[in-house]
There are 2 protein chains.
Amino acid sequence: MEQSITDLCKEFGLRLTGPRRIIMQVLFDSSDHPDVVELHRRVTAIEPTISLATVYRTVNLLREKGVLERHTFGDGRARYETTPREHHDHLINVETGSVIEFQSEEIERLQEEIARKHGFAIVSHKLEIYVRPLKRGRGRT
Amino acid sequence: MEQSITDLCKEFGLRLTGPRRIIMQVLFDSSDHPDVVELHRRVTAIEPTISLATVYRTVNLLREKGVLERHTFGDGRARYETTPREHHDHLINVETGSVIEFQSEEIERLQEEIARKHGFAIVSHKLEIYVRPLKRGRGRT
DNA sequence: TCTCAGATGCGTCGCATTCGCAAAAAAGGT
DNA sequence: ACCTTTTTTGCGAATGCGACGCATCTGAGA
């Protein structure tokens with residue numbers, strides 16, 4: 001993991017600095033979809049002097065390089081995850097805010113088809129399904 | 001149309017005020033997906049004294065009531081459309097920012113299936129396909 | 001070790017949106 | 001129409017997220 005951080009920086013011509021190492025470490029250790037403030041919390045737990053601005057700059061850099069993906073899940077602020085090797089979309093539990101990943105070849109295929117029918121090629125896409133548990137204690141609207 | 005605005009206000013217990021009437025008029029007359037500033041432009045073309053805050057308050061109110069839908073299409077600001085009677089999703093042309101609506105029963109069905117498999121019921125969902133025009137050797141551009 | 005482009009921290013700025021408050025205006029009863 | 005009550009409005013200030021400018025610091029190659 002240390003090694004891959006070193007390699008990534010080398011590959012993209014980025015300096016392997018202290019803050020950057022820690023931020024990347026935190027990113028790669030996170031399996032959820034933290035926002036920048038949460039990342040900053042995790043980072044400053046390790047090294048308290050790292051500024052929020054640096055976290056912003058780092059996630060932007062890594063996103064440009066394709067290392068991270070950014071999502072927005074309705075709540076206005078951006079959340080990040082390391083780019084998965086297989087594309088997936090998200091189920092968002094509206095009661096807890098937790099995110100579940102899923103894949104559907106079929107939906108992907110249909111999207112392609114729709115875009116093509118309209119004379120377009122897909123650049124990217126975003127499918128978010130906001131859900132609530134199926135239990136009997138159904139909530140109000 | 002005047003009538004339906006009156007009815008809507010009555011139905012939701014909202015006062016039918018001057019600004020509100022004009023803002024709703026503009027909303028119902030818009031077939032695109034304007035953002036709040038654009039709405040304010042259209043509204044103040046009719047009645048220049050209406051403030052931006054009132055437009056914000058009105059769209060929020062109407063969204064809570066289910067009269068409007070809000071979208072975010074990546075660019076940071078919210079855009080609105082009157083709730084369509086038939087649900088549709090969006091193709092966003094990344095080169096022009098223009099939005100095309102589409103429907104796919106099939107995708108809807110697959111989403112239901114996925115949610116159910118994970119033990120959830122769908123509250124809402126959002127599918128945005130970011131596209132660019134297909135280049136072709138000849139024919140229209 | 002020296003050098004210097006790249007990186008950082010801090011403070012500030014910008015944009016979209018929300019809030020607080022006093023004044024204005026709508027619905028309801030008389 | 002007039003008063004009363006409650007909602008709405010306009011204004012300006014405040015928020016929140018994110019980006020930026022700049023002086024300072026630092027990693028890594030010579």
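The model shown is predicted, which means the values in this text are computed figures rather than measured ones. A note on names: the letters A, B, ... follow the listed sequences, proteins ahead of strands, and every chain is numbered from 1. What you see below is based on every heavy atom in this structure, not just the backbone, and it leaves out hydrogens, waters and symmetry mates.
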Checklist entry - Can you find a heavy atom in the side chain of B/V67 that is under 4.5 Å from one in the side chain of B/Y80? => result no

Item to check | Contact under 4.0 Å: B/N60 side-chain N or O vs C/dT17 OP1/OP2 | outcome: no

Item to check | Under-4.0 Å side-chain N/O to phosphate OP1/OP2 contact, A/Y56 with D/dA19 | outcome: no

Next on the checklist: Checking A/H118 against A/F120 for the ring-ring contact (aromatic ring centres under 6.0 Å, His included) test, could you report, in this order, the C-alpha distance in whole Å, the side-chain angles of both residues, the deciding distance, and whether it holds?
Outcome noted: CA-CA 6 Å; A/H118 286 267; A/F120 292 101; 7.2 Å; no

Between the side chains of [X] and [Y], does any donor sit under 3.5 Å from an acceptor?
X     : Y     : value
B/E47 : B/T49 : yes
A/R79 : A/T72 : no
B/D89 : B/H87 : yes

Distance, rounded to the nearest Å, where [X] contributes [atom1] and [N] contributes [atom2]:
X     : N      : atom1 : atom2 : result
A/H71 : D/dG18 : NE2   : C1'   : 18 Å
A/E38 : D/dG18 : CD    : P     : 14 Å
B/F73 : C/dA16 : CZ    : P     : 17 Å
A/I22 : D/dT26 : CD1   : P     : 14 Å
B/R77 : D/dG18 : CZ    : P     : 17 Å
A/L39 : D/dG18 : CG    : P     : 11 Å
A/L68 : D/dG18 : CG    : P     : 14 Å
A/F12 : D/dG27 : CZ    : P     : 21 Å

Next on the checklist: Any base atoms under 4.0 Å from B/D35, or only sugar-phosphate, or nothing? Heavy atoms, all strands.
Outcome noted: nothing

Item to check | B/R132 atom CZ: more than 12 heavy-atom contacts under 6.0 Å | outcome: no

Checklist entry - Where do A/T54 and A/R57 land on the side chain to side chain contact (heavy atoms under 4.5 Å, CB included) test, with the steps shown first? => result CA-CA 5 Å; A/T54 298; A/R57 281 187 281 235; 4.0 Å; yes

Next on the checklist: Using only atom types and a distance under 3.5 Å, with no angle test, would you say the side chain of A/T96 pairs donor to acceptor with the backbone of A/S98?
Outcome noted: yes

Checklist entry - Base, backbone or nothing for each nucleotide of nucleotides 2-10 of chain C, written B, S, -, heavy atoms under 4.0 angstrom, 5' to 3'? => result ---BBSBBB

Checklist entry - In degrees, rounded to 10°, what is the bend between the two ends of the helix from C/dT1-D/dA30 to C/dT30-D/dA1, using five pairs at each? => result 20°

Checklist entry - Where do B/F73 and B/H90 land on the ring-ring contact (aromatic ring centres under 6.0 Å, His included) test, with the steps shown first? => result CA-CA 9 Å; B/F73 304 151; B/H90 299 92; 5.1 Å; yes

